[in-house]
Visitor: 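First, the structure itself, so that you have it in front of you.
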Amino acid sequence: MASPRTVTIIALSVALGLFFVFMGTIKLTPRLSRDAYNEMKRAYKSYVRALPMLKKMGVSSILLRKSIGALEVACGIVMTLVPGRPKDVANFLLLLLVLAVLFFHQLVGDPLKRYAHALVFGILLTCRLLIARQPEEQPPEKRILSVNGDEQPLIHEAATEKGKIKVS
């Protein structure tokens with residue numbers, strides 16, 4: 001049976017992955033929701049206007065929106081379907097992306113209700129990453145040393161259990 005830690009990581013990975021695939025798709029195409037797509041277009045125009053440095057680097061609102069959307073879709077697919085270390089990399093990239101989006105919202109002065117979802121999903125990404133990076137707890141194995149027919153725990157294990165080394 002899977003440990004609660006494993007179940008938590010899988011559940012968070014799938015839920016977060018699907019969310020970011022959905023949000024990235026909204027940024028890329030109006031097929032899911034024309035209103036949300038138009039709102040994204042408007043928001044990214046305000047982000048580029050608020051950061052003239054992006055304009056100087058040749059980054060248009062369309063390029064910024066589509067880049068972020070494509071990265072969200074790609075990382076969301078990895079979080080949902082790919083096992084192992086790539087999930088942690090995708091998690092980290094999405095966390096950086098969420099921080100950038102929070103910065104953009106603060107820059108243009110959006111009210112909290114406009115970016116509350118980004119805060120919540122940033123916290124969830126952080127929790128998933130912290131849980132995934134913690135080592136799995138395994139019960140210590142007791143190794144036995146046979147001396148003259150008597151079984152005794154190894155010296156270093158006996159020392160950790162009692163705090164003292166028994167010398168005979």
Visitor: For residues Ala43 and Arg114, report the shortest heavy-atom separation together with the two atoms involved.
Guide: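 Answer, listing the atom of Ala43 first, then Arg114: CB-NH2, 4.5 Å.
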Visitor: Is it true that Leu125 and Val82 fall in one hydrophobic cluster, defined by side-chain heavy atoms closer than 4.5 Å?
Guide: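 No, it is not one cluster - the side chains of Leu125 and Val82 are not joined through contacts under 4.5 Å.
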Visitor: Can you name the closest pair of heavy atoms from Ile26 and Ala36 and give their distance?
Guide: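 Heavy atoms of Ile26 and Ala36 come nearest at CG2-CB, 3.7 Å.
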Visitor: Say whether, by atom type as modelled, one donor and one acceptor occur between the side chain of Arg5 and the main chain of Ala132 under 3.5 angstrom.
Guide: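 Pair found, side chain donor or acceptor close to backbone of Ala132.
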Visitor: Would Leu93 end up clustered with Val101 when hydrophobic side chains under 4.5 Å apart are linked, directly or stepwise?
Guide: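 No, it is not one cluster - the side chains of Leu93 and Val101 are not joined through contacts under 4.5 Å.
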Visitor: Give the C-alpha distance, both sets of side-chain angles, the deciding distance and a yes or no for salt bridge (Lys or Arg N to Asp or Glu O under 4.0 Å) between Arg34 and Glu39.
Guide: CA-CA 9 Å; Arg34 185 166 301 281; Glu39 180 60 28; over 6 Å; no
Visitor: Tell me if a side-chain donor or acceptor on Thr8 pairs with a main-chain N or O of Pro4 at a distance below 3.5 Å.
Guide: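 Flag set: sc Thr8 to bb Pro4 pair under 3.5 Å.
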Visitor: What ring-ring contact (aromatic ring centres under 6.0 Å, His included) pairs are there with at least one residue in residues 80-107, not counting sequence neighbours?
Guide: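 Sorted result for residues 80-107: Tyr47-Phe104, Tyr47-His105, His105-Tyr115.
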Visitor: Within the structure provided, determine whether Lys45 and Arg65 are in side-chain contact (heavy-atom separation under 4.5 Å).
Guide: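 No. Closest side-chain heavy atoms not under 4.5 Å.
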Visitor: Determine, stepwise, if the pair Ser60 / Leu63 fulfils side chain to side chain contact (heavy atoms under 4.5 Å, CB included).
Guide: CA-CA 5 Å; Ser60 67; Leu63 179 63; 3.6 Å; yes
Visitor: Would the number of heavy atoms belonging to other residues, nucleotides or ligands and lying under 6.0 Å from CD1 of Ile62 be above 12?
Guide: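 Open.
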Visitor: Please report the C-alpha distance between Leu16 and Phe121 in whole Å, then the side-chain angles of each, then the deciding distance to 0.1 Å, and finally whether the side chain to side chain contact (heavy atoms under 4.5 Å, CB included) criterion is met.
Guide: CA-CA 8 Å; Leu16 289 167; Phe121 283 95; 3.5 Å; yes
Visitor: For a 4.5 angstrom cut-off between non-hydrogen side-chain atoms, does Met23 reach Leu28?
Guide: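 Counting from C-beta outward, Met23 and Leu28 never come under 4.5 Å.
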Visitor: With clusters defined by side-chain heavy atoms of hydrophobic residues (ILVMFWY) lying less than 4.5 Å apart, directly or transitively, does Leu12 cluster with Leu130?
Guide: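 Leu130 does not cluster with Leu12.
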Visitor: If we only count heavy atoms from C-beta on, is the Leu119 to Leu112 side-chain gap below 4.5 Å?
Guide: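 The answer is yes; the side chains approach within 4.5 Å.
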Visitor: Please check: side-chain N/O of Thr29 versus main-chain N/O of Thr25, any donor-acceptor pairing under 3.5 Å?
Guide: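 No.
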Visitor: Restricting to non-hydrogen atoms, name the atom on Cys75 and the atom on Ala90 that form the minimum distance, rounded to 0.1 Å.
Guide: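 The answer is O-CB, 3.7 Å.
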Visitor: Is there a path of hydrophobic side-chain contacts, each under 4.5 Å between heavy atoms, that joins Leu97 and Ile123?
Guide: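 No, because Leu97 and Ile123 fall into different hydrophobic clusters, even though each may have its own neighbours under 4.5 Å.
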Visitor: Does atom CZ of Phe19 have more than 12 heavy-atom neighbours, drawn from other residues, nucleotides or ligands, at distances under 6.0 Å?
Guide: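 Enclosed.
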Visitor: Hey, any chance Leu54 and Leu107 share a hydrophobic cluster, counting ILVMFWY side chains that come within less than 4.5 Å of each other, even indirectly?
Guide: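 In one cluster: yes.
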Visitor: Search all heavy atoms of Val7 against all heavy atoms of Ala2 and return the closest pair with its distance.
Guide: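 For Val7 and Ala2, the tightest heavy-atom pair comes out as CG2-CB, 4.0 Å.
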Visitor: Where do Val108 and Ser46 come nearest, in terms of heavy atoms and distance?
Guide: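 In this case the closest contact between Val108 and Ser46 is CG1-O, 3.6 Å.
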Visitor: Can you see which heavy atom on Gly122 is nearest to which on Leu95, and at what distance?
Guide: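 In this case the closest contact between Gly122 and Leu95 is O-CD1, 3.5 Å.
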Visitor: Output every pair passing side-chain hydrogen bond (donor to acceptor under 3.5 Å, both in side chains) with a member in residues 70-91, not counting sequence neighbours, ordered by first then second residue.
Guide: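 For residues 70-91, and leaving out neighbouring residues, the side-chain hydrogen bond (donor to acceptor under 3.5 Å, both in side chains) pairs sorted by first residue read Lys27-Glu72, Asp88-Arg128, Asp88-Arg133, Asn91-Arg128.
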Visitor: Is there a side chain to side chain contact (heavy atoms under 4.5 Å, CB included) between Phe20 and Val98? Walk through the geometry before answering.
Guide: CA-CA 10 Å; Phe20 281 102; Val98 165; 3.9 Å; yes
